[in-house]
Amino acid sequence: MTRPDNHVIVLFGATGDLAKRKLLPGLFHLAWAGLLPDGYRIVGSGRAHSALSDDAFREHARDAVATFGRCEPSGPVWESFADSLSFAVSDPPDAGPLLPAVRAAENALGGQPRKIFHLAVPPTAFGSVVGMLGDTDLAANSKVIVEKPFGTDLASARALDETIHAVFDESRVFRIDHFLGKESVDNVLALRFANGMFEPIWNREHISHVQIDVPETLGLEGRAHFYEGTGAFRDMIVTHLIQVLGIVAMEPPVSLAAQQLRDEKDKVFEALRPIEPGHVVRGQYDGYRGEPGVAPDSQTETFTALRLEVDNWRWAGVPFYLRSGKKLAQHREVITLGLREPPLRMFPTDLPWQEKNLGNRIVIDFGDPGWIAACFLAKEPGPTMRLAPEAMTFRYADSFCQEHGLEGYERLILDAMLDDQSLFTRSNGIERIWEASTPLLDNPPPLRPYAPGSWGPEPAVSDLIAPHRWYLEDADVE
Ligand code: BG6
C-alpha cells in the first residue's frame with residue numbers, strides 16, 4: 001500500500017472531545033499500523049484558555065489513547081509518536097505561536113513536507129480558522145479537513161464554501177463524514193456491486209421500505225456547547241445518515257474514483273424530495289434541560305426520526321425511514337431493507353404478523369465490526385408446513401482478521417493524506433441536502449418528550465413508520 005508523503009498534521013481543537021475520542025487515538029493507530037508517512041509531525045492547537053505545554057499535550061494524548069484507543073500507548077511506536085507531538089496556541093485571526101510551531105515542524109522533517117489542517121472545532125469557528133490560514137500563508141502546500149455539520153442551512157453552507165474556496169481550491173478541501181469511512185458502510189458498495197445476487201432486487205419492484213437506524217445510548221457527554229446549537233437533525237441526520245442513504249440508494253458508479261463515486265451519490269441527493277415537516281418526529285429526552293450548559297427552555301431536539309423519499313426510477317414510492325437520538329435503548333447502526341412479501345396463500349395463515357415481518361429482509365449492521373443478514377422464512381421441521389423466521393448471517397468478526405481494520409476517522413485521515421477525495425463529501429451534494437431540508441428548518445414540528453432508555457417519543461415514532469415496524473425493536477439477529 002502506498003505511504004503518504006511526509007506531512008505536518010495540524011489539529012485545531014486538539015484538546016476537544018473529538019480529538020480525545022477519535023483523532024488522537026486514530027492517528028496513533030495509524031502510526032502503529034505503519035500507515036503514517038515516514039516523516040510526520042502533529043501540532044495540536046487551541047485557544048489560549050486551553051493552552052498546554054508540549055509535554056502536557058503528550059500526556060493528554062497518552063490518556064486519550066489509553067482510554068479510547070485500540071493499542072497501548074507504550075513501546076517504541078508510542079515513543080516516536082509522542083516525540084512527534086507539540087502544542088501551539090492560535091486565536092484566529094491571530095496565528096500567534098502556531099506559525100513558528102508549524103515552521104519548526106516543517107524544518108524538523110526537512111524538504112517540503114505537505115501540511116494538513118484538521119478543523120475539529122465548532123462549525124462557527126471554521127471561517128475564522130480558514131481566514132487565518134490564508135492570511136498567514138500557512139495554507140500554502142496544504143489541504144484542509146473540515147468537520148461536519150457543513151453549515152447550518154443552505155445559505156450558511158454556501159457562505160462557508162465561499163470562505164473556504166477563497167483560500168483552498170476544491171481539490172484541497174476534504175469535508176469529512178466519518179460514517180463514510182466505516183468498513184461496513186464501504187462494504188455496502190462491495191455487497192451491491194461485486195455480487196450478482198443483491199443488485200437485481202435492489203429497487204422499488206422488490207423493496208417495500210428502507211430503514212437507517214442509528215440510536216445512541218450516549219447522552220451529551222459534556223458537549224452542550226456544541227450540541228445546543230446543533231441538535232440531532234444537524235448532528236446526525238443531515239450528515240451521517242443521509243450520506244449512508246446516498247451509498248444505499250446510488251446507481252452503480254463507472255468506477256470508485258472520486259468523481260464517479262461522488263457523482264452517483266450526489267444524484268441521489270438531487271432526487272430527494274423536500275422534507276415534509278409532517279413526516280418528521282422531533283424529540284427531547286426527559287432531563288435534557290437540566291444538563292450543565294443547556295438552556296432551561298431549550299428547544300434543541302435530541303432525537304429525530306423522519307421519512308424521506310428519493311424520487312427517481314429506482315426508488316419512487318419507497319419510503320426511507322431514518323432515526324437517530326441520544327439516550328435511547330441501544331447503541332446501534334443498522335440499515336434494513338424490507339422486501340416486498342410474496343403471496344403466502346399456500347402456507348398456513350396462523351403465522352403471527354411480526355414473524356412474517358421478520359423474514360424477507362436484508363439487514364446490514366454497520367457498527368464496528370458489523371454483520372449482514374439475509375432474513376427469510378423457513379419451514380420448521382415437522383409434519384405441518386409451519387414457517388419461522390431465520391437468517392443467513394455474515395459476520396465481519398468471524399470472517400476476516402480485524403487487525404487491519406481501520407476506524408472511520410483513521411481511514412479518512414489516511415485518504416486525505418493520500419489526496420483521495422472519494423469518501424469525502426462535495427459541496428453540491430451537501431447544498432442539495434440542505435435545500436431539501438429547508439421546509440423542515442423553516443417549520444419544525446413541536447418537540448415531544450421521551451424517556452431515557454426508550455426508542456423515542458411514542459406513539460409518534462411507531463406511527464411514522466406504520467404499517468412497517470422499526471426492525472431494532474423486535475430484532476432477532478444480533
Ligand atoms: C458524531 C456526532 O459525528 O458522531 C456524535 O457528533 C455521535 O454526536 C457520533 O455520537 C457517533 O459516531 P460513532 O462513530 O461514535 O458511532
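Throughout, residue positions are numbered sequentially from 1 according to the sequence presented. Order of appearance sets the numbers: ligands from 1, and atoms from 1 within every ligand. Only a predicted model underlies this, so the values are computations on that prediction, with no experimental measurement involved.
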Contacts of type ring pair (Phe, Tyr, Trp, His ring centres under 6.0 Å), residue Phe57, not counting sequence neighbours: Phe87
Does anything in residues 236-251 pair up under side chain to side chain donor-acceptor pair (under 3.5 Å), and if so which pairs, sequence neighbours excluded? Asp177-His240, Gln243-Lys265, Glu251-Arg314
With a 4.0 Å cut-off, would you call Asp153 and Arg158 a salt bridge? no
Cation-pi, Phe150 ring and Lys148 (6.0 angstrom, 45 degrees): no
For Trp455 together with Tyr450, are the ring centres under 6.0 Å from each other? no
Residues in contact with ligand 1, criterion: heavy atom under 4.0 Å: Lys22, Lys148, His178, Phe179, Lys182, Glu216, Arg223, Asp235, Met236, His240, Lys326, His331, Glu333
Residue pairs, two or more places apart or on separate chains, that pass ring-ring contact (aromatic ring centres under 6.0 Å, His included) and touch residues 416-435: Phe174-Phe424
